[in-house]
**Q** 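This structure is in C-alpha cells; I'll ask about it shortly.
Just so it is clear, the values below take in all heavy atoms, side chains as well, and ignore hydrogens, waters and symmetry mates.
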Amino acid sequence: MVTEDKWDNQGQYTEKRIMLYEQIFGKGYISAGGHRMTEQMCLPLQNLKKDARVLDIGSGIGGPVFFLESQYDCSLTGVDLCGDIFTMATERAAARGSKVNFMCGDILNMDFASKSLDVIMSRDTLLHFPEAKKRELFAKCIQWLDDNGEIIIGDYCRRPRSEEICESFKEYILDRGYDLHEPLAYGKLLEDAGFKQVEAKDVSIDFLEMLETELERFRNNSHQLSENFTKDDYESIEKSWLTKIEWVRNGDMRKGIMFGRQG
C-alpha cells in the first residue's frame with residue numbers, strides 16, 4: 001500500500017517532473033544513463049538462472065525490472081519509497097501485463113526471509129542513505145541473499161573525501177541531502193558487511209558519454225512545448241545537465257558500479 005507520508009525528495013519526483021525526466025532519460029527511467037546504464041549494470045547477470053529471485057531497491061517507475069523481466073524468466077520485486085512513483089509503476093505494470101511485484105515503503109523497515117533472494121540490485125537510490133543507513137541495509141542484504149547470491153549497486157559517486165570538490169557540486173550534495181563516496185570506498189562498505197569478491201568500478205567515462213547523448217536527445221525534443229511543459233521547464237533541465245557534464249569532466253562527480261557476492 002502507498003505510504004501515508006509521500007516522499008518525493010522536495011518535489012523532485014512529482015508526476016510532472018517524472019514525465020519530464022523521461023524525455024531526457026528515456027521511457028521508464030528517472031535517473032541518468034537510462035536504459036544503457038541498466039544494461040551495463042546487468043552485465044554480471046547474463047547467466048541469471050531460471051526462476052531467480054531478484055529485488056530492486058529504489059525501483060522507480062520500473063525501467064530496470066521491466067528490462068530484466070523481458071530478458072529472463074525470473075521473479076522480480078521492486079521497492080520504492082515514493083507514493084507517486086509506486087502508483088505509476090503499478091499502473092504501467094498492469095498495462096503491460098507484467099508480473100513484477102511492486103511494494104511501497106522504506107526498505108529498512110521491511111524484512112525478507114533469510115536466503116530468500118538471488119540478486120539484490122539498486123540504482124541511484126542509496127545516495128539518499130547516510131553511511132550508517134547504508135551499512136544497516138548491507139547487513140540486511142547479506143542475510144537475505146542465498147548462498148552465492150549477488151548484490152549490484154549503481155550510484156552517483158565523488159572524488160575521494162581527502163580531495164576537495166568544487167563549491168557548486170558541494171552545494172548540490174548538501175541541497176539534495178546525498179551521501180556520496182568514491183567507488184572504492186563504496187566497495188569497502190560492502191566488504192565491511194561481509195560481501196566477497198567485491199568489485200568497485202569507476203565508469204565515469206561511460207557516464208559522461210551517456211549524459212552528453214541524453215542532453216542531445218533532450219534538445220531535439222525541447223521544441224515540443226505543451227500545456228504540461230513550459231520553456232522554463234526545458235531550460236531548467238538543460239542547465240542542470242550542462243552542470244552535471246562539467247562536474248563529471250572535472251572529476252568531481254563520478255559514477256560507480258559496485259558488485260559483491262554472498263559467501
**Q** With rounding to the nearest 0.5 angstrom, report the NZ to CG distance, K134 to L190.
**A**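 Atom-to-atom, K134:NZ and L190:CG are 11.0 Å apart.
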**Q** Could you report the tightest heavy-atom contact between A193 and A139, atom names first, then the distance?
**A**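 Heavy-atom minimum between the residues: CB-N, 4.4 Å.
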**Q** Given 3.5 Å as the limit, does a donor-acceptor pair link the side chain of W241 with the main chain of L215, or not?
**A**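 Checked: no pair found.
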**Q** Compare every heavy atom of T87 with every heavy atom of T90, then report the nearest pair and how far apart it is.
**A**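 For T90 and T87, the tightest heavy-atom pair comes out as OG1-O, 2.9 Å.
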**Q** One thing to verify: whether R249 and E212 come together as a salt bridge, which I'm taking to mean a side-chain N less than 4.0 angstrom from a carboxylate O.
**A**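 A salt bridge links E212 with R249.
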**Q** Quick one: does I24's side chain get under 4.5 Å of R217's, heavy atoms only?
**A**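 The answer is no, as the side chains (C-beta and beyond) never meet within the 4.5 Å cut-off.
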**Q** Keeping D73 on the side-chain end and K50 on the backbone end, is there a donor-acceptor pair under 3.5 Å?
**A**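 Not at all, since once roles are kept as given, no pair shorter than 3.5 Å links the two residues.
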**Q** Check whether any side-chain N or O of S204 sits under 3.5 Å from a backbone N or O of K255 as a donor-acceptor pair, and report yes or no.
**A**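 Indeed, once roles are kept as given, a pair shorter than 3.5 Å links the two residues.
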**Q** Determine, for R135 against E131, whether the closest basic-nitrogen to carboxylate-oxygen distance falls under 4.0 angstrom.
**A**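 E131 and R135: salt-bridged.
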**Q** Would you call M210 and Q40 a side-chain contact if the rule is heavy atoms closer than 4.5 Å?
**A**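 Of all side-chain heavy-atom pairs linking Q40 with M210, at least one is under 4.5 Å.
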**Q** Please check if atom NZ in K170 has more than 12 non-hydrogen atoms from other residues, nucleotides or ligands closer than 6.0 Å.
**A**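 Atom NZ in K170 is crowded, with more than 12 foreign heavy atoms closer than 6.0 Å.
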**Q** With a 4.0 Å cut-off, would you call K133 and D179 a salt bridge?
**A**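 No, no charged N to carboxylate O under 4.0 Å.
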**Q** Taking atom CG of N148 and atom CD of Q197, what is their separation to the nearest 0.5 Å?
**A**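 Rounded to the nearest 0.5 Å, the CG-CD separation comes to 7.5 Å.
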**Q** Under 3.5 Å, is there a donor-acceptor pair linking the side chains of T38 and R123?
**A**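 Present: a donor and an acceptor within the cut-off.
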**Q** Any side-chain heavy atom of D118 sitting closer than 4.5 Å to one from C74?
**A**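 When only atoms from C-beta onward are counted, C74 and D118 do not touch, as no gap falls below 4.5 Å.
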**Q** Any salt bridge linking R92 with E22? Criterion: basic side-chain nitrogen under 4.0 Å from a carboxylate oxygen.
**A**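 A salt bridge is present here (some side-chain N lies under 4.0 Å from a carboxylate O).
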**Q** Look at the rings of F138 and Y186 and say which category their plane angle falls in: under 30° parallel, 30 to 60° tilted, over 60° perpendicular.
**A**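 F138 and Y186: tilted rings.
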**Q** Relative to each other, are the rings of Y172 and W247 parallel, tilted or perpendicular (30° and 60° limits)?
**A**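 The arrangement is tilted - the two ring planes meet at 30° to 60°.
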**Q** Check whether any side-chain heavy atom of R254 sits under 4.5 Å from a side-chain heavy atom of R159, and report yes or no.
**A**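 Sidechains of R159 and R254: in contact.
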**Q** Heavy-atom count around I205 CD1 within 6.0 Å, excluding the residue itself: above 12?
**A**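 Not more than 12 within 6.0 Å, no.
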**Q** With a 3.5 Å distance limit and no angle check, can you tell me whether S240 reaches the backbone of S236 through a side-chain donor-acceptor pair?
**A**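 It does not hold such a pair.
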**Q** Determine whether K27 and F66 make a side-chain contact, defined as any pair of heavy atoms from C-beta on separated by less than 4.5 Å.
**A**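 They are not in contact (no side-chain heavy atoms under 4.5 Å apart), so the answer is no.
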**Q** Can you list the steps and then say if D56 with L76 is a side-chain contact (heavy atoms from CB on, under 4.5 Å)?
**A** CA-CA 8 Å; D56 184 6; L76 291 150; over 6 Å; no
**Q** Between E214 and G33, is there a donor-acceptor pair closer than 3.5 Å when you use the side chain of the first and the backbone of the second?
**A**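 Checked: pair present.
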**Q** Which distance, rounded to the nearest 0.5 Å, do you find between the CG of D84 and the SG of C104?
**A**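 So the CG of D84 and the SG of C104 are separated by 9.5 Å.
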**Q** Under the criterion side-chain contact (heavy atoms from CB on, under 4.5 Å), I'd like the reasoning laid out for F207 against K244: C-alpha separation, chi angles, the key distance, then a yes or no.
**A** CA-CA 10 Å; F207 185 54; K244 280 187 173 70; 5.7 Å; no
**Q** Check P183 against C157 and note the closest heavy-atom contact, atom names and distance.
**A**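 Result for this residue pair: CD-CB, 3.9 Å.
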**Q** When you group the ILVMFWY residues by side-chain heavy-atom contacts below 4.5 Å and let the links chain together, are L184 and F259 in the same group?
**A**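 Each belongs to a different hydrophobic cluster.
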**Q** CG of D80 to CD1 of I85: how many Å apart, nearest 0.5 Å?
**A**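 D80 atom CG to I85 atom CD1 measures 4.5 Å (nearest 0.5 Å).
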**Q** Measure the spacing between SG of C166 and CD of E246 and express it to the nearest 0.5 Å.
**A**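 Spacing of SG (C166) from CD (E246) equals 7.0 Å.
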**Q** Using every non-hydrogen atom in the two residues, find where P64 and Y29 come nearest and quote the distance to one decimal.
**A**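 Heavy atoms of P64 and Y29 come nearest at CD-CE2, 3.6 Å.
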**Q** With a 3.5 Å distance limit and no angle check, can you tell me whether Y72 reaches the backbone of A52 through a side-chain donor-acceptor pair?
**A**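 No.
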**Q** Which atom names give the shortest non-hydrogen contact between K239 and T243, and what distance separates them?
**A**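 Nearest heavy atoms, K239 then T243: O-OG1, 2.9 Å.
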**Q** Take E39 and F67 through the side-chain contact (heavy atoms from CB on, under 4.5 Å) test and state the conclusion after the steps.
**A** CA-CA 9 Å; E39 287 185 314; F67 166 69; 4.1 Å; yes
**Q** Indicate, with yes or no, if L48 and M121 share a hydrophobic cluster defined by side-chain heavy-atom contacts under 4.5 Å among Ile, Leu, Val, Met, Phe, Trp and Tyr.
**A**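 Linked, M121 and L48 end up in one cluster.
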**Q** Under the 3.5 angstrom rule, does the side chain of R161 hit a backbone N or O of E182 as a donor-acceptor pair?
**A**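 Not a single qualifying donor-acceptor pair exists.
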**Q** Where the side chain of S59 meets the backbone of V79, is there a donor-acceptor pair that is under 3.5 Å apart?
**A**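 Side chain of S59 to backbone of V79, a donor-acceptor pair under 3.5 Å: yes, one is there.
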**Q** Is E163 paired with R158 through a side-chain N to carboxylate O contact shorter than 4.0 Å?
**A**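 The answer is no: the pair does not qualify as a salt bridge.
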**Q** With distance as the sole test, does T213 use its side chain to make a donor-acceptor pair with the main-chain N or O of E209 at under 3.5 Å?
**A**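 Checked: pair present.
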**Q** With side-chain contact (heavy atoms from CB on, under 4.5 Å) as the test, would you mind laying out the steps for R53 and D146 before giving the verdict?
**A** CA-CA 10 Å; R53 302 153 298 176; D146 201 354; 3.2 Å; yes
**Q** Going by heavy atoms in the side chains, are F169 and N250 under 4.5 Å from each other?
**A**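 When only atoms from C-beta onward are counted, N250 and F169 do not touch, as no gap falls below 4.5 Å.
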**Q** Look at atom CG of D147 and say whether more than 12 heavy atoms of other residues, nucleotides or ligands are closer to it than 6.0 Å.
**A**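 Correct, the count exceeds 12.
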**Q** Return the CG to CD1 distance between L126 and I153, rounded to the nearest 0.5 Å.
**A**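 The distance works out to 5.5 Å.
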**Q** Would one find more than 12 heavy atoms of other residues, nucleotides or ligands at under 6.0 Å from atom NZ of K115?
**A**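 More than 12 heavy atoms, drawn from other residues, nucleotides or ligands, come within 6.0 Å of this atom.
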**Q** Identify the heavy atoms of G60 and A89 that sit nearest to each other, and give their distance.
**A**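 For G60 and A89, the tightest heavy-atom pair comes out as O-CB, 3.6 Å.
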**Q** Would you say I173 ends up clustered with V248 if hydrophobic residues are merged whenever their side chains have heavy atoms under 4.5 Å apart, either directly or through other cluster members?
**A**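 Yes: a chain of side-chain contacts under 4.5 Å links V248 to I173.
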**Q** Taking C-beta and beyond as the side chain, do L55 and I107 meet within less than 4.5 Å on heavy atoms?
**A**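 Side chain of L55 against side chain of I107, heavy atoms only: contact under 4.5 Å found.
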**Q** Find out whether I57 and L137 are in side-chain contact, i.e. whether some heavy atom of one side chain is under 4.5 Å from a heavy atom of the other.
**A**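 Yes, side chains in contact.
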